[in-house]
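For the single chain, residues carry numbers from 1 onward in sequence order. If you're wondering where the values come from, they're calculated on a predicted model, not measured in any experiment. One-based numbering, in listed order, for ligands and for the atoms of each.
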Amino acid sequence: MNKTLRQAIIAGNWKMNKNRAEAKELIEAMKPLVADANCGVVICVPFTNLETAMELTEGTNIKVGAENVHFEKSGAFTGEISADMLTEMGVEYVVIGHSERRQYFGETDHTVNLRTKAAVEAGLKPIVCVGEMLEDRENGITAELVAMQVKLALKDITKEQLKNIVIAYEPVWAIGTGKTATADQAAEVCGLIRETVASIYDKEAADAMTIQYGGSMNPKNAAELLGKEDIDGGLIGGASLKAPDFAAIVEAATKG
Ligand code: PEP
């Protein structure tokens, strides 16, 4: 089974939630619950919680990620954080191109590509988000749109660099809405993403790539989604803010 060729990763995306004390409480609650996971466990936290998260997860199986990164190395970019600033702290992952950044902060496929390149060049592991709006799905262009997003995000990324990239398929209509894509819908698009990666690189690269599903994944629907051949984990928003829920999804990935 090709699933054995790649690592399942469950990554929490905390978004703009949790002050320092709350972050500490959540991480401490999570640590024992996910300690036996045989999948990757990542928490992507606000910049202000990175230091706390790095300290509290030291020596554990929980890896830390940021929620965005700028593509320039340094300079007059007020309010931005560079890839080198993140790696200097020991941060390993970074979410890039989340639909909330695309919707509210002018993120485009071009800037997703610039951020992805800057991240891998600095040694970060990007979790690159792609996914269609409800209107796109209703217009029957999900496949073309997601394939285009993947191709543009990976432009000029080498096969070697690809090994450190995760793609998260997140249908925008399923994020934070409680509406999950059915396991078959999610698996179909994750499969299509894998085919797209194979068409750019080759089958070996595509088979080795971790492709997550994200969009209202929770302890109830996780096992079915994660049991699908092409779904290698999840990017989890709301459910990552509650240790038992996040741990239950990690447990489902451990079994799936
Ligand atoms: C996300 O923010 O990436 C996400 C999938 O959110 P939620 O799980 O809340 O839908």
Side-chain angles (χ1 to χ4, degrees), residues 8-18 22-23 26 30 34 39-47 49-50 53 62-69 93-105 107 112 115-116 119 125-134 136-137 142 145-146 149-150 153 165-183 185-187 189-190 193 210-226 228 230-253 256:
I9 299 174
I10 299 296
N13 172 23
W14 289 12
K15 314 193 187 199
M16 196 172 72
N17 291 298
K18 303 290 176 191
E22 291 164 342
L26 177 55
M30 205 179 267
V34 302
C39 63
V41 181
V42 181
I43 51 171
C44 299
V45 306
F47 290 127
N49 285 329
L50 284 173
I62 302 174
K63 313 281 189 199
V64 175
E67 298 179 14
N68 192 20
V69 64
Y93 286 84
V94 61
V95 177
I96 294 178
H98 191 277
S99 62
E100 286 150 18
R101 302 240 34 113
R102 292 181 192 251
Q103 275 181 286
Y104 310 135
F105 300 100
E107 187 82 76
V112 168
R115 288 182 214 283
T116 304
K125 296 176 180 165
I127 300 176
V128 178
C129 303
V130 296
E132 82 287 3
M133 312 272 281
L134 185 58
D136 303 320
R137 180 162 281 268
T142 300
L145 188 96
V146 172
Q149 289 175 336
V150 169
I165 297 179
V166 171
I167 293 185
Y169 166 55
E170 298 210 311
V172 181
W173 48 272
I175 296 177
T177 58
K179 279 187 206 159
T180 323
T182 65
Q185 283 173 324
V189 183
C190 289
I193 292 171
T210 298
I211 301 177
Q212 301 172 317
Y213 167 76
S216 300
M217 197 187 278
N218 61 46
K220 287 203 182 104
N221 58 29
E224 193 189 357
L225 287 158
L226 296 169
K228 293 284 179 187
D230 276 312
I231 303 180
D232 314 310
L235 184 57
I236 321 295
S240 73
L241 300 173
K242 293 184 194 136
D245 287 5
F246 187 65
I249 298 172
V250 169
E251 166 93 23

Pairs under 3.5 angstrom only: tabulate donor-acceptor contacts from the side chains of residues 233-247 to other protein residues two or more places apart or in another chain.
unit_1: S240; atom_1: OG; unit_2: I236; atom_2: O; d: 3.1
unit_1: S240; atom_1: OG; unit_2: G237; atom_2: O; d: 2.7

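- Of all heavy-atom pairs spanning V146 and V130, the tightest one is CG1-CG2, 3.9 Å.
- Taking the salt bridge (Lys or Arg N to Asp or Glu O under 4.0 Å) definition, one finds that E224 meets it with nothing, sequence neighbours left out.
- Sorted by chain then number, the residues whose non-hydrogen atoms approach ligand 1 to under 4.0 Å are N13, K15, H98, E170, A174, I175, G176, G214, G215, S216, L235, I236, G237, G238.
- Taking both residues in full, the closest heavy atoms of G214 and P171 are given as O-CD, 3.4 Å, listed atom of the first, atom of the second, then distance.
- Partners of E132 under the salt bridge (Lys or Arg N to Asp or Glu O under 4.0 Å) rule, at least two apart in sequence or in another chain, are R137.
- With hydrogens and angles disregarded, no donor-acceptor distance shorter than 3.5 Å links the side chain of N13 to the backbone of V45.
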